[in-house]
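Computation of the quantities below employed the complete heavy-atom set of this structure, encompassing side-chain atoms and omitting hydrogens, waters and symmetry-equivalent molecules. A note on names: the letters A, B, ... follow the listed sequences, proteins ahead of strands, and every chain is numbered from 1.
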Amino acid sequence: MKNVIKSVKGTRDFYPDEMAKRQWLIQKLTEASEAFGYQMYDGPCLETIDLYAAKSGEELVKEQAFVFNDRGGDPITLRPELTPTLARMVASRQNQLTFPLRWWAFGPFWRYERPQKGRTREFFQWNVDQIGSDSIQADAELLAVAATFLRNVGLTPDQVKLYINDRQLMDGQLSKIGISAEQKPVMLHLIDRIDKLPADIWDEKVLAEGLNAEQLKAIRELLENQELWQDSEQMRNLFALLEDLGVEEYVAYDPKIIRGLDYYTGTVFEAHTVNGEFRAILGGGHYANLVGDVGGNPLPGVGFAMGDVVIMLVLEAYGLIPADLVDPETLFVTVFNEDTLTESIRLAGQLRAAGFKVIQAEPEKLAKQFKYADRLGLSRALVLGPEEIEGNTVMVKDLHNFEQVGIDRDKLIEYLYQKV
RNA sequence: GUGCCUGUAGCUCAAUGGCAGAGUACUUCACUGUGGAUGAAGAUGUUGAGGGUUCGACCCCCUCCAGGCACCCCA
């Protein structure tokens with residue numbers, strides 16, 4: 001590969017086959033969103049840095065956002081996440097909107113990170129939020145949207161699950177163990193990372209925070225307790241609702257789920273493969289105050305985000321992405337030779353007028369034309385040679401079983417409709 | 001941003017410091033009215049880029065670029 005200009009690090013080209021996969025993904029998440037009455041929205045990809053500056057101290061913005069000066073010298077940010085944009089949009093029409101809002105979005109985001117598997121610098125993200133309701137029912141509904149999506153793409157409950165926890169529950173449990181308010185943020189962060197660190201290292205870090213051996217033991221027991229949710233009325237209600245919603249197979253309690261983002265205040269959840277092979281597929285939770293930072297009145301909500309990269313890796317691994325490059329129902333009209341080209345082009349036109357998708361071949365060896373159609377994954381090819389023209393018929397060939405039949409020209413469209 | 005690993009034909013990978021190869025895919029033909037097989041022939045590379053050491057570098061050294069693993073962070 002000589003002197004081909006390179007693409008930007010961490011970006012991806014979407015050739016037609018990848019683009020078809022992206023379109024398929026969009027279709028699936030659109031269906032899941034709309035099944036619960038969520039409305040699509042979007043904001044700009046460019047934002048002022050001020051929008052994110054409100055959330056000061058967050059690495060996501062300070063370290064990982066693309067920031068540049070526009071030609072007027074003003075700092076511009078390529079959005080690294082949608083939540084601040086959503087907050088601004090809600091705040092600026094807070095008195096006109098009908099709450100609770102059920103909104104969803106899909107679009108590109110950028111983060112200046114070290115690319116690796118499942119993580120790129122430019123990615124697409126599905127965002128779903130319900131804003132203005134503080135009930136546990138809203139949390140359950142968001143989980144059901146996510147579960148519905150997982151089910152619709154063909155992932156089974158033994159392949160992926162939504163792992164759920166409650167920050168308030170954990171907060172109370174940490175208090176019981178005697179962990180101070182000052183120690184809690186660090187401890188929550190450590191709990192979030194427990195599966196990433198070797199056991200002895202993790203213990204060291206916990207003790208370094210001033211906890212004694214007894215407290216360490218208590219925390220480890222806490223994190224092994226899969227029934228901890230029974231201690232929380234909220235969690236009990238949530239799991240009951242999830243059962244009512246018919247998604248109980250896709251959810252599980254996990255006391256180790258914390259989430260990195262500080263603004264989550266209640267339910268938090270992440271989707272993972274059950275075998276733990278990939279990064280988190282999606283993540284979200286309940287927040288108490290979405291719009292306060294951008295000048296609105298406090299509004300609670302619950303939402304989640306799913307990146308396109310990991311979910312596609314997972315779907316690829318489980319063989320769930322349809323492979324068709326071109327709609328297999330697209331018809332392929334061959335050309336016998338230069339003399340019959342006109343007839344073929346006219347036939348193709350008539351078929352398009354009747355609502356079919358039609359690819360028109362060029363005059364070359366029929367073998368090459370069939371090979372081309374086969375490689376595009378098409379189902380049917382039409383042959384219009386001298387014999388067919390003479391007899392006013394068209395040969396319809398099934399590209400999967402190699403069978404072909406001659407059909408009268410005036411019955412052709414009806415025949416093709418029946419076969420679809 | 002930190003540490004480590006990798007980079008050879010479209011793809012998967014070979015090649016003790018000594019003429020860059022195989023499989024597969026591709027093109028053409030056997031098959032001038034038919035694509036999944038078979039056989040024959042053909043084409044394909046600045047060995048990621050640039051520098052250095054050497055008589056000689058895919059191989060050793062340096063820098064950069066890209067990808068991957070772990071951290072950080074997170075979708």
Note to self: In whole Å, measure the gap between the C1' atoms of B:G17 and B:A22 for me.
What the structure shows: 23 Å
Notebook entry, point to check: Quick one: CD1 on A:I389 to CG on A:D339, what's the gap to the nearest 0.5 Å?
Noted result: 9.0 Å
Check: Has A:R22 got its NZ or CZ under 6.0 Å from the middle of the six-membered ring of A:F14, at an angle within 45 degrees of the ring axis?
Finding: yes
Next item on the list: Enter the distance from A:E362:CD to A:T334:OG1 here, rounded to the nearest 0.5 Å.
Entry: 13.0 Å
Note to self: Rounding to an integer number of Å, can you tell me how far A:D308 CG sits from B:C74 P?
What the structure shows: 19 Å
Checklist line | Side chain of A:D374 (C-beta onward), nearest among B:A75, B:G35, B:G33 | finding: B:G35
Checklist line | B:G39 versus B:G56 - spacing of their P atoms, nearest Å | finding: 45 Å
Notebook entry, point to check: Base, sugar-phosphate, or nothing: which does A:A373 touch, judged by heavy atoms less than 4.0 Å apart?
Noted result: nothing
Notebook entry, point to check: Distance from A:L399 atom CG to A:D374 atom CG, nearest 0.5 Å?
Noted result: 6.5 Å
Check: Considering Watson-Crick and G-U wobble pairs with both distances under 3.5 Å, what does B:G1 pair with?
Finding: B:C71
Next item on the list: Please determine, for the side chain of A:K196, which listed nucleotide (B:G35, B:C26, B:C73) has the closest atom?
Entry: B:C73
Margin query: Categorize A:N337 for me: base, sugar-phosphate, or nothing, with a 4.0 angstrom heavy-atom threshold over every strand shown.
Written below: nothing
Margin query: Taking B:C65 as the reference, what is the distance to B:A25 when you measure between their C1' atoms (whole Å, please)?
Written below: 28 Å
Item checked: Sugar-phosphate, base or nothing in reach of A:K365, heavy atoms under 4.0 Å -> sugar-phosphate
Check: Reckon A:G377 touches a base, only the sugar-phosphate, or nothing at all at heavy-atom distances under 4.0 Å?
Finding: nothing
Check: Can A:F336 be classed as stacking with the base of B:G33, given a centroid separation cut-off of 5.5 Å and a plane angle cut-off of 30°?
Finding: no
Checklist line | B:A30 to B:U24 separation - C1' atoms, rounded to the nearest Å | finding: 22 Å
Checklist line | Nucleotide nearest A:Q116 (side chain, heavy atoms from C-beta), chosen from B:C73, B:A70, B:C74 | finding: B:A70
Next item on the list: With heavy atoms under 4.0 Å as the rule, sort A:K368 into base, sugar-phosphate or nothing.
Entry: sugar-phosphate
Checklist line | Nearest atoms (heavy-atom pairs only) where A:K161 meets A:A252 | finding: CD-CB, 3.9 Å
Check: To the side chain of A:L366, which of B:U34, B:G1, B:A75 is closest?
Finding: B:U34
Notebook entry, point to check: Mapping A:H189 and A:L384 onto RNA chain B by nearest heavy atom, which one lands closer to the 5' end?
Noted result: A:L384
Note to self: By the 4.0 Å heavy-atom rule, please label A:T11 as base, sugar-phosphate, or nothing.
What the structure shows: nothing
Next item on the list: Please state the P separation for the pair B:A70 and B:U63 - nearest whole angstrom.
Entry: 25 Å
Notebook entry, point to check: Quantified in whole Å, what is the P atom distance between nucleotide B:A15 and nucleotide B:G21?
Noted result: 15 Å
Item checked: A:A367 side-chain proximity, nearest of B:A75, B:G35, B:C69 -> B:G35
Check: So among A:L155, A:V128, A:L25, which one has a side chain to side chain contact (heavy atoms under 4.5 Å, CB included) with A:F149?
Finding: A:L25
Check: Any salt bridge between A:R88 and A:D50, counting N to O under 4.0 Å?
Finding: no
Notebook entry, point to check: Atom CZ of A:R79 and atom P of B:A75: how far apart are they, to the nearest Å?
Noted result: 15 Å
Notebook entry, point to check: When you match A:S7 and A:V310 each to their closest nucleotide on RNA chain B, which lands nearer the 5' end?
Noted result: A:S7
Checklist line | Proximity to the side chain of A:L399 - top-ranked nucleotide from B:G35, B:C74, B:A30 | finding: B:G35
Next item on the list: Considering only atom P, compute the distance from B:U12 to B:U8 and round it to an integer number of Å.
Entry: 8 Å
Margin query: Checking A:Y38 against A:E141: is there a side-chain donor and acceptor pair closer than 3.5 Å?
Written below: yes
Checklist line | Whole angstrom value for the distance that separates C1' of B:C74 from CD1 of A:I311 | finding: 16 Å
Next item on the list: List in numerical order all residues of residues 385-393 of chain A for which some heavy atom is under 4.0 Å away from an atom belonging to RNA chain B.
Entry: A:E387, A:E388
Next item on the list: Just compare B:G33, B:C29, B:G1 and give me whichever is closest to any side-chain atom of A:V383.
Entry: B:G33
Check: Base, sugar-phosphate alone, or nothing: which one does A:Q369 contact when heavy atoms must sit under 4.0 Å apart?
Finding: nothing
Check: When the C1' atoms of B:U54 and B:C5 are considered, how many whole Å apart are they?
Finding: 27 Å
Check: Nearest to the side chain of A:M395 - B:C65, B:G33, B:C26?
Finding: B:G33
Check: A:R114 near the nucleic acid: base, sugar-phosphate alone, or nothing, with a heavy-atom cut-off under 4.0 Å?
Finding: base
Check: What is the nucleic acid contact for A:F402, judged by heavy atoms within less than 4.0 Å: base, sugar-phosphate only, or nothing?
Finding: base
Note to self: For A:Q350 and A:R409, which I'm curious about, is there any donor-acceptor pair between the side chains at under 3.5 Å?
What the structure shows: yes
Check: Testing A:R121, A:E122, A:R12 for side chain to side chain contact (heavy atoms under 4.5 Å, CB included) with A:P115, which one passes?
Finding: A:R121
